[in-house]
Amino acid sequence: MALKLWASSTANALKLSNGRARATFSISRSFSSVLDGLKYSSSHEWIKDEGSVATIGITDHAQGHLGEVVFVELPESGSSVSKGSGFGAVESVKATSDVNSPISGEVVEVNKKLTETPGLINSSPYEEGWMIKVKPSNPTELDSLLGPAEYTKFCEEEDAHH
Amino acid sequence: MRGAALWQLGQSLSRRLSNSSNRPKPRFFSAAAAELKKTALHDFHVENGGKMVPFAGWSMPIQYKDSIMDSTVNCRENGGLFDVSHMCGLSLTGKDSATFLERLVVADVAGLRPGTGTLTVFTNERGGAIDDSVVTKVREDHIYLVVNAGCRDKDLAHIGEHLEAFKAKGGDVSWHIHDERSLLALQGPLAAPVLQLLTKDDLSKMYFGEFKTLDINGFKCFLTRTGYTGEDGFEISVPSENALDLAKAILEKSEGKVRLTGLGARDSLRLEAGLCLYGNDMEQHTTPVEAGLSWAIGKRRRAEGGFLGADVILKQLEEGPSIRRVGFFSSGPPPRSHSEILSSNGEKLGEITSGGFSPCLKKNIAMGYVKSGSHKPGTEVKIVIRGKSNDAVVTKMPFVATKYYKPS
């Protein structure tokens, strides 16, 4: 099931002028995007390994589930995060979600733009909507994460169950 | 919206995102999809992109293809069509119907003019709320009620028990549960003009709270000018076999401006309108006085009592309740139910019962209970979210002005 269209709802709303058009759109739902070159967690965070630091955010699938993000809670630079534990939270109109760190390490930078423009998580989950940069304390933790293909399959299976 | 805790539902979606094992599994997952009841419009929701979720034992659309934000705003700017068939409509008939019902609710049912209704509260012996409901006097010997889906079993057991006792003493009243009907809510500024295209009756003569039995789109419907969004609008009880045709006709006549609207937007709308969600903002232990619904206790009922828990409620009316439901604007993350409310010097005042980001006001709104004395608009408080205190201020409700259609 595709969740991306919920998030790009404004665009849809403009196109949807009558019942017939809406029906067509429901058939054309597409899967949310998963990028190559990133690793993923089963709690729907992505991580981009850049050697000395790794960038972390939530996936397109996650932002689609949440809907429009209205508030992002981030940790302080210098604090530590540990694999599988929450480091922040994302709030949408619909729901609150804790965001877990896929790896352990020290937070070296946080995306301050999200404080003013939390919607970047919806519009650009993998680029402008990044959340924190972490200096990994145990780089081998990255090996246990999901690759793009595995994560895509994981999302499909999870959606099929609900 | 009246129904089980909706925002928990949102939370259950999000918990799936975090998927952490130390959190309790939301109970919504306990019911297998196969056991969920479906409304007559179920397939229509799915065809229109409805994201179906379990809600009070029913499979209901939490949203369609537009976001909750857009959907909420569209309802206020144009109109929204909601399937609320999960809610339970029932009729009481017989010359003693009003006398019977007055034992269970706080409204002046006997004093209602035929063809009018009001919001009311079913109370228990302790004065707490069993449910909230819209009660309508169709005729002197016919009362129509709509109760919450989440409270259906409990309400029907409660009413049934009292009904048997009342009849045993010779009271003339019987009941009928309208499982043969579906309930649609049409809300927003286009509700009346669109519905007028589907009926010959003059809707401009029908005001907020009024009830009519009439032909809509060729079917015999029960029409109440009411809703739970703060907008002008109607709840239409339609025979289930005609529900799909009616829903399609409404959407078509509006030329796409009235959109199917799910439970998510319905929750935002009722919160913006300052209306209680039973199960969140009002529970078994909350009295209507504490919940800010004293206005729903009829004058005659205040003088005479005669409803369950009247001693507790009448005393509270006289002395003032010790806690009160109030609204808040706040900064920081949106407050959610169970967020703690502190005074500016750190004293615990109470808890948030509903909260979120208002799609129409574009800021955080919430409601919750505070100790009397801290309930006045303008009182500065703190709301604790994930261990951090955030500034908030007690605010008059509704947050968004209501637009009920009343005689000018």
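All of these numbers come straight from a predicted model, not from anything done at the bench. In what follows, chains carry the letters A, B, and so on, assigned in the order in which the sequence lines appear, proteins first and then strands, with residues in each chain numbered from 1.
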| field | Geometric cation-pi criterion, B:Lys363 with B:Phe357: 6.0 Å, 45° | value | no
| Cation-pi geometry met for A:Lys48 and A:Trp46 (6.0 Å, 45°) |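 No, A:Lys48 does not sit over the ring of A:Trp46.
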| Residue B:Pro333 versus chain A: region with a heavy atom under 4.5 Å | both
| field | chain A contact via B:Lys388 - which portion, at a heavy-atom distance below 4.5 Å | value |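 The side chain, not the backbone.
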| query | Checking heavy atoms, do the side chain of A:Ser92, its backbone, both or neither come under 4.5 Å from chain B? | reply |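 Backbone of A:Ser92 only, per the 4.5 Å heavy-atom cut-off to chain B.
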| message | Would you say the rings of A:Tyr40 and A:His61 are close, in the sense that their centroids are separated by under 6.0 Å? | response | no
| message | Using the ring centroid of each side chain, check whether B:Tyr228 and B:Phe82 are separated by less than 6.0 Å. | response | no
